[in-house]
Amino acid sequence: MKQIGLKFGAALLLLVLPTACVTNVGSFSMISNKSLDLSKKYEKTKDAIAGEDTRYIIVVFPTGFLVGPSGVVGAVTNAVEANGIDYVKNADIENTFWYIPLIFGMSKTTVKGEGWKVTPQPTQ
């Protein structure tokens, strides 16, 4: 009887152990959510910018797509809008995920890179 209880306790402990991983989604030379006119001149405004998009898992139900285009689009949109830039150059995108089974979890997509904005034209 005691061994059954120990085995059950060990199995239960394994079920509730959290899992986590970090995945490199990709590296991009240039990424934006805006329409850009590449015939214009652009200047680097910020050396290091970041944007993120977070999704949660409640019990077993995600609040959105955990990994994929929606997380990348949200992270890029947040980076562009929060920093007042037009595009991110040399962007690295990664996804961080952790989950405690049947309780709670989180998936966060992060974009990091250099911020670039169109050069203001002098008024005449």
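Just the heavy atoms: all of them, side chains too, but no hydrogens, waters or symmetry mates, feed the values below.
Applying the salt bridge (Lys or Arg N to Asp or Glu O under 4.0 Å) rule to Asp47 yields the partners Lys44; only residues at least two apart in sequence or on another chain are considered. In this structure Tyr42 satisfies the ring-ring contact (aromatic ring centres under 6.0 Å, His included) test together with Tyr87, sequence neighbours excluded.
Just one of Ile31, Thr110, Val88 meets the side-chain contact (heavy atoms from CB on, under 4.5 Å) condition when paired with Ile93; it is Ile31.
Here the closest heavy-atom approach between residue Ile85 and residue Lys34 is recorded as O-NZ, 3.3 Å. Nearest heavy-atom pair across Pro120 and Glu43 is CD-OE2, 4.0 Å. Among all heavy-atom pairs drawn from Asn90 and Glu114, the shortest one is ND2-OE2, 3.5 Å. In terms of heavy atoms, Val59 sits closest to Tyr99 at O-OH, 2.6 Å.
A donor-acceptor contact closer than 3.5 angstrom links the side chains of Asn95 and Ser107.
With hydrophobic clusters built from ILVMFWY side chains whose heavy atoms lie under 4.5 angstrom apart, Val22 does not share a cluster with Val111. A continuous path of ILVMFWY side-chain contacts below 4.5 Å connects Tyr56 to Ile103, so both sit in one hydrophobic cluster.
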For residues 71-80, dump all side-chain donor-acceptor pairs below 3.5 Å to protein atoms at least two apart in sequence or in another chain.
residue, atom, partner, partner atom, Å
Thr77, OG1, Asn33, ND2, 3.0
Thr77, OG1, Val73, O, 2.8
Asn78, ND2, Glu52, O, 2.6
Asn78, ND2, Gly74, O, 3.2

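Rounded to the nearest 0.5 angstrom, Glu94 CD and Cys21 SG are separated by 11.0 Å. With rounding to the nearest 0.5 angstrom, the CG atom of Asp86 is 5.5 Å from the NZ atom of Lys117. Atom CG of Asp92 is separated from atom CZ of Phe28 by 10.0 Å, given to the nearest 0.5 angstrom. Remark: Asp53 CG to Lys108 NZ distance equals 11.0 Å, nearest 0.5 Å.
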